[in-house]
Amino acid sequence: MNMKTLLSRTLLLVFFFSFAASSVRSQDVASFEKRITVKKLANGLTVLIMERPEAPVFSFYTRVDVGSVQEAPGITGLAHMFEHMAFKGTHEIGTTNWPAEKKALEKVEQAYAVYLREKLKETGRDPKKLAALEKTWQDAVADADQYVVPNQFPEIVESQGGVGLNASTDRDETVYFYSFPQNRLELWAYLESERFLEPVMRQFYKERDVVYEERRMSVDSSPNGRLLEQFLATAFIAHPYGRPVIGWPSDLRDFSATDAMNFFRKYYVPANIVVTVVGDIKAAEALPIMERYFGRLPAAPAPEPLRTQEPPQEAQRSVLVREKSQPLYVEGYHRPSFRDPDDAVYDVLADLLSKGRTSRLYRSLVRDKRIALAAQGGSFPGVKYPNLFYFFAEPIQGHTAAEMAGPIHEEIERLKIQDVSDDELQSVKVRAKADLIRGLANDQGLAVQLGEYQALYGDWRELFRQIDELDKVTKADIRRVANKTFREDNRTVAVIETETPKTPPPPAAAPGKGERQ
C-alpha cells in the first residue's frame, strides 16, 4: 500500500469517527434523553431505565457506592466478602426451613463471638479452652448447614434464561449485573431487590475460606501480586487506597458474619444505590414494577463521606522484592481525582503512552529497544479519590527491571519539554470517540456506562460531555500536567529483582598422601 493510499484511508477513518462522535454528542444525546427515564424513589434509590428495543432482552447494572475504601482496620476485605454473600440467597431462597435456620445461624454467631474473644487474648489464652470453643462453633456451623439449598439463587436466574450472572468489588464500588429475557423483568426486580432487602449470612465462614484462598492464589503465591500490594501500601501511607481489596490475611481469618451485616446495614442503603436497566422494556411499564420491589428497601441516611486524605508526598519511595521469578518494574505518581479539571489530560496521557502498538511506551521499550515484553501507563487504583498515574514494564529475558527506568523516564521527559504532534493528539481524540461508540453498542455496555456516570456525576449525560473535555485538551495542557505530576519527589518505585539460586561451594577435596589435615 503506498503512502498516498494510506493517508487517504487514515483521513477517511478520522472523518468517520469524528462524524460519528459528533452524532453521539448531539443527536444521540437528544435521542438518549427521549429514551431514558431517571427517577429517585421515595427511599432515595436512583433508577435509570433506557428503552432499547433491538432484541427481546434487557441488561441491568446495580452499583452500590461502597468498596474497600469504606472498610476499617480489622474488617479489610469485607466489601468483597459481602459481594460473595449476595449470591447465597435470602429468607425465601436457599433454605429448606428459614425459622429453624435463623435460630441455627444465631447460635453460630454466639459461638463464634466467644471463640474469637479467647483467640484474640494477648495474655492468658487457654489452648484447651480455645480448641473446645472452636469445636462448639464448628458444630453450630454444621447444624446450620443442614437447612441450606446450595446455589439456589444462581440456579433460579439461569433456569429462567439469565446469562452473565456476575459481580465485582473494587476500591470505589461494588457492582452486580446479568441479562434476562424481556418477559422476566418482574422476576428480576424481585430477585435483585430481595437480596438487598433480606440478605442471609448463609455459610459465611465456608465462603470466608474461599475468599482467603483467593487471596493466597492472587497475592500470597504471586510475586506480581505481592509487589503490587506493597507498592500501593508504600505509595499511600494514609488513604485506604493503600489497602488490598481482597483484605489482609489476619482480617480474613477473623471477621464475622455479624461484621458483614453491620457493614451491609451501613452502606447498602437506597441512597447509596443506582440501578440501571437497558433493553426491550418500556419505562411506563417497568418503573411501577421497580418502584414496587426496590421501594421496599428501607430508607436510611447516606453514609458519611470518607475523611482521610493522602498527605503530599515529599520524597521518592521504593520497594524492592527479590523473587525467583520474572523481573517487573512499576512506578507511580500521585494525581488528582476524576473531579479535577485536568482529568481529561490524564486520559490523553494514558492513551499516548499505552494505547496499542503505536503508543510511545510500546514503541520505545518493546519495538525499538527490544528490552521489554510489555510496557504501559495509566491511572489506578480508583477514580473517586486522588490516585496514581503508573508506568509498568516487564523486561524480556536477559534484561533487568532496573533497565526499564531509564527509557520510561526518557518518555516522561519528552512529554515535559516537547509538544506532542498534531497527528498524535488527533489520533488520541479519534480513539476516544471510537471507544465511546463501541461502548454503547450493547445493552450491558450501556447499562454499565450510564450507571457509572449517573452514580459518579449525578447525571448520565456526563458520559458524552467527556468527549468535549478531551477535545479541549491542548499540547500545552499535556506539558503542564506532565511537569506538575511526574516529579521525582512524587514518585514511588516498586521492583521485582530476579533472585538467582545460590550455587553451593564444591566439596573439599580429600587430603592426599603426605598432606597436612
Colleague: Taking the inter-plane angle between the rings of F263 and Y267 on a 0 to 90° scale, is it parallel (under 30°), tilted (30 to 60°) or perpendicular (over 60°)?
Modeller: tilted
Colleague: So which atom in M50 and which in L450 form the shortest heavy-atom distance, rounded to 0.1 Å?
Modeller: SD-CD1, 3.8 Å
Colleague: Of all the heavy-atom pairs spanning G295 and L41, show the shortest one and how long it is.
Modeller: N-CD1, 4.0 Å
Colleague: Looking at R296 and E194, is there a salt bridge between them, counting it only when a charged N and a carboxylate O are closer than 4.0 Å?
Modeller: yes
Colleague: Give me the atom names and distance for the closest heavy-atom approach of V383 to D172.
Modeller: N-OD2, 2.8 Å
Colleague: Just say parallel, tilted or perpendicular for the rings of F153 and F87, cut-offs at 30° and 60°.
Modeller: perpendicular
Colleague: Are Y176 and F196 close enough that their ring centres sit under 6.0 Å apart?
Modeller: yes
Colleague: Please give me the minimum heavy-atom distance between P53 and D280, naming the atom from each residue.
Modeller: CB-OD1, 3.4 Å
Colleague: Do F380 and Y390 have ring centres separated by under 6.0 Å?
Modeller: yes
Colleague: Got a donor-acceptor contact below 3.5 angstrom from the R184 side chain to the V157 backbone?
Modeller: no
Colleague: Could you check whether D220 pairs with R226 (Lys NZ or Arg NE/NH1/NH2 to Asp/Glu carboxylate O, under 4.0 Å)?
Modeller: no
Colleague: Please confirm whether the backbone N or O of D65 pairs with a side-chain atom of N272, one donor and one acceptor, at under 3.5 Å?
Modeller: yes
Colleague: Given the ring of F486, does R491 sit roughly above its face, with NZ or CZ under 6.0 Å from the centre of the six-membered ring and within 45° of the axis?
Modeller: no
Colleague: Hey, can you tell me if Y178 and F60 have their rings parallel, tilted or perpendicular (30° and 60° cut-offs)?
Modeller: perpendicular
Colleague: Given the side-chain rings of Y205 and Y112, with only the six-membered ring counted for Trp, is the space between their centroids under 6.0 Å?
Modeller: yes
Colleague: Going by distance alone, is a donor N or O of one side chain under 3.5 Å from an acceptor N or O of the other, for Y293 and E186?
Modeller: yes
